[in-house]
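Below is one structure, written out as structure tokens, with a few remarks after it.
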Amino acid sequence: MILFDFNFITLVLMLSASLFFLMVGSRSLKKESMEGLLFLTLSLFFAVTHFFYLYNLPISSPLSFILSTYIFWSWLTNLFAPALIVLFITFGLSNFVLDYIKVGLIKLFFGLTLLCFIFMIGNSWAFDIRGFITLFFCIAWFEVEFRTAT
């Protein structure tokens with residue numbers, strides 16, 4: 001039922017856009033290109049919009065009920081992890097299209113592994129354990145993206 005909630009999709013996509021522009025901006029600044037500041041500004045915009053939308057979430061939404069118990073850990077598990085999964089799988093599939101098969105396999109592996117750990121195998125695990133796994137995969141995403149920049 002949560003997947004059919006428009007609030008969930010909007011929040012995940014805003015968080016995905018924020019992470020994407022954070023990655024692109026940090027890559028551009030690493031190459032000493034000044035448009036990285038524009039990308040970091042876009043990342044900040046999407047992050048602030050995400051948290052503003054999250055703060056003003058209606059009480060009747062099923063997502064507000066889920067996020068009401070453990071604020072940080074449930075946010076990390078229920079919103080940040082799907083955003084990472086979207087980024088891993090999207091970039092993995094785009095690397096397949098661009099004929100970077102090995103890089104695409106690595107990103108798809110990480111995305112599907114995170115999906116299995118958070119929502120299939122670890123569905124009954126505590127929020128903090130799933131949150132730490134999400135943080136580990138976030139670090140792995142940044143590392144993979146920096147190492148495989150084409």
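Start at 1 with the first residue, then count along the sequence. Note that this is a predicted model, so its numbers are computed, not measured.
For CZ of Phe142, the number of neighbouring non-hydrogen atoms (other residues, nucleotides, ligands) closer than 6.0 Å is greater than 12.
Residue Ser74 holds its OG atom at 14.0 Å from CZ of Phe80, rounded to the nearest 0.5 Å. A distance of 9.0 Å separates OG1 of Thr134 from CH2 of Trp73, quoted to the nearest 0.5 Å. To the nearest 0.5 angstrom, Thr10 atom OG1 is 12.0 Å from Leu54 atom CG. Rounded to the nearest 0.5 angstrom, Phe136 CZ and Leu114 CG are separated by 10.5 Å. Ser16 contributes atom OG, which lies 11.5 Å from atom CD1 of Ile9 (distance to the nearest 0.5 angstrom). Atom CZ of residue Phe8 and atom CG of residue Leu79 lie 6.5 Å apart, to the nearest 0.5 angstrom.
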Between side-chain atoms of residues 32-53 and protein atoms elsewhere (two or more places apart, or another chain), which donor-acceptor pairs fall under 3.5 Å?
from: Ser33; atom 1: OG; to: Glu35; atom 2: OE1; distance (Å): 3.1
from: Ser33; atom 1: OG; to: Glu35; atom 2: OE2; distance (Å): 2.7
from: Thr41; atom 1: OG1; to: Leu37; atom 2: O; distance (Å): 2.7
from: Ser43; atom 1: OG; to: Ser18; atom 2: O; distance (Å): 2.8
from: Ser43; atom 1: OG; to: Ser18; atom 2: OG; distance (Å): 3.4
from: Thr49; atom 1: OG1; to: Phe45; atom 2: O; distance (Å): 2.7
from: His50; atom 1: ND1; to: Leu11; atom 2: O; distance (Å): 3.1
from: His50; atom 1: NE2; to: Trp75; atom 2: NE1; distance (Å): 2.9
from: Tyr53; atom 1: OH; to: Asn7; atom 2: OD1; distance (Å): 2.6

Side chains of residues 115-127: which donor-acceptor partners sit under 3.5 Å, not counting sequence neighbours?
none

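Annotation: salt bridge (charged side-chain N to carboxylate O under 4.0 Å, His left out) contacts involving residues 106-118, sequence neighbours excluded, comprise Lys107-Glu145. Within the structure, salt bridge (charged side-chain N to carboxylate O under 4.0 Å, His left out) pairs that include any residue of residues 92-106 do not occur (at least two apart or interchain).
With sequence neighbours excluded, no residue satisfies ring-ring contact (aromatic ring centres under 6.0 Å, His included) with Phe109. Every residue two or more places apart in sequence or in another chain that forms a side chain to side chain contact (heavy atoms under 4.5 Å, CB included) with Ile106 is listed here: Phe110, Val144.
Met23 and Ile139 are not part of a single hydrophobic cluster, where members link through side-chain heavy atoms under 4.5 Å apart. One hydrophobic cluster, built from ILVMFWY side chains closer than 4.5 Å, cannot hold both Phe88 and Val97; they sit in different ones. Under a hydrophobic clustering in which Ile, Leu, Val, Met, Phe, Trp and Tyr are joined whenever their side-chain heavy atoms come within less than 4.5 Å, directly or via other members, Met14 and Phe6 fall into the same cluster.
Checking Leu19, Leu15, Val12 one by one against Leu84, the side-chain contact (heavy atoms from CB on, under 4.5 Å) holds for a single residue, Leu19.
Pairing each heavy atom of Ser26 with each of Phe146, the nearest pair is OG-CZ, 3.5 Å.
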